[in-house]
Engineer: 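Got a structure here, written out as structure tokens. Questions coming.
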Amino acid sequence: MADLTNTETIRPGWFSTLANPTTFMRLSGKVLPWLAVATLVLFAVGLTGAFLAPPDYQQGETVRIMFIHVPSAWLAMMSYTIIAISSAGYLIWRHPLADVSAKAAAPIGATFTLVALITGSLWGKPMWGAYWVWDARLTSVLILFFLYLGLIALRQAIDEPGRAGRAAAILALIGAVNIPIIKYSVNWWNTLHQPASVIRADGPTIHSSLLWPLLVMAIAFTLLFVVLHFKAMRAEILRRRCDALIARHVRGDAARAGTEEAANA
Amino acid sequence: MLDLGPHAAFIWISYGAAAFCVLALAIWAWGDERGQAKRLADLERRGLKRRSGQGQDKS
């Protein structure tokens, strides 16, 4: 049994050490240039493959929209999942870096959701004859976009950062129910949107000539998300340091003014 | 120039919109970090020090 009276033997775990804002700033500063280069290389390879791939036998050249639409849609869901996990981490352990992660991911997720909606709409018009239909997949992704906007607006509406973080975390966890709805909407309901064709129990149904550029683009988009998320987290940590400095300075001034007032009384 | 058939406009607008959104996001992320780093440096130049940085000045 651990000797809890001997505090010298208690060391923070590797995750706590990694989740320390100062450690995060140091490590992210080192890996970011490499990640950015890897992202650019993967985008170059993926885009080359996307435009050299043969046209689809049914969709023709419009299948090229898939190479940006599908990774954007995956990231839209992944970003929200990261927000939900970070929010749970913040509510349970009150770890400030978890709140930083949740806050930083919201605008990125909202943008990828918007890209998925725009490119999906532009793909839908030549294929379905309509830019928009109120089917379960499209509607649930639109709700996801509104959830992102709600999270951003909620933080803006509450001045006290701790309260804003808790309120946004609760909303994020409630909204997480939408993620499985988006994923399985094409199976649960009769939708115009096609069912899953890559992540399936019986394997992908896409031809390999179209599949490899799609997977490269998916990795490129994921790395892009990591780079943007790290950048946004770094900015948020610096913002909180500035705010803390100003708050401490204001408190110091107030305390000094109180002491002088008491001395003069 | 690539011949993308009768629906070329849909394809190019899709790629253009995605590039615009990603570029805007990148400019925001880089700009925000740079702006906050500058703000922090400015505060520290004006004598406001972080608790972790106070000990370094006591030489």
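Proteins come first, then strands; the chains are lettered A, B, ... in the order of their sequence lines, and each starts at number 1. Model, not experiment: these values are computed from the prediction.
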Engineer: Which atoms form the tightest heavy-atom contact between B/Phe10 and A/Ile65, and what is the distance?
Structural biologist: O-CD1, 3.9 Å

Engineer: Do B/Asp32 and A/Arg239 pass the salt bridge (Lys or Arg N to Asp or Glu O under 4.0 Å) test, and can you show the C-alpha distance, the side-chain angles, and the key distance before you say yes or no?
Structural biologist: CA-CA 9 Å; B/Asp32 195 21; A/Arg239 183 179 293 107; 2.7 Å; yes

Engineer: At their closest point, which heavy atom of B/Ala26 faces which heavy atom of A/Leu228, and how far apart are they?
Structural biologist: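 Nearest pair, atom of B/Ala26 first, then A/Leu228: CA-CD2, 3.7 Å.
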
Engineer: Do A/Val227 and B/Trp30 have side chains that get closer than 4.5 Å, going by heavy atoms?
Structural biologist: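 Yes; the side chains approach each other to less than 4.5 Å.
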
Engineer: Relative to chain B, which segment of A/Pro107 carries a heavy atom at a distance below 4.5 Å: side chain, backbone, both, or neither?
Structural biologist: both

Engineer: Closest approach of A/Lys231 and B/Glu33, non-hydrogen atoms and distance?
Structural biologist: NZ-OE1, 2.5 Å

Engineer: Measure A/Phe225 against the heavy atoms of chain B and call it side chain, backbone, both or neither at under 4.5 Å.
Structural biologist: neither

Engineer: Can you say whether A/Phe230 sits under 4.5 Å from chain B via the side chain, the backbone, both, or neither, judging by heavy atoms?
Structural biologist: neither

Engineer: Nearest heavy-atom pair of B/Gln36 and A/Cys242: which atoms, and what distance?
Structural biologist: O-SG, 3.8 Å

Engineer: B/Ser14 versus A/Ile118: any side-chain heavy-atom pair under 4.5 Å?
Structural biologist: no

Engineer: For A/Ile246, is it the side chain, the backbone, both, or neither that has a heavy atom closer than 4.5 Å to a heavy atom of chain B?
Structural biologist: both

Engineer: Do you know which of B/Asp42, B/Val22, B/Leu4, B/Ile13 has the most heavy-atom pairs with chain A at a distance under 4.5 angstrom?
Structural biologist: B/Leu4

Engineer: Taking side chain as everything from C-beta outward and backbone as N, CA, C, O, which of these in A/Ala50 sits under 4.5 Å from a heavy atom of chain B? Side chain, backbone, both or neither.
Structural biologist: side chain

Engineer: Distance check, rounded to the nearest 0.5 Å: A/Leu238 atom CG versus B/Leu40 atom CG?
Structural biologist: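 If I round to the nearest 0.5 Å, the distance is 6.0 Å.
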
Engineer: Specify the closest pair of heavy atoms between A/Glu61 and B/Asp3, including all atoms of both residues, with the distance to one decimal.
Structural biologist: OE2-O, 3.7 Å

Engineer: Side chain from CB out, backbone as N, CA, C, O: work out which of these in B/Phe20 comes under 4.5 Å of a heavy atom of chain A, or both, or neither.
Structural biologist: neither

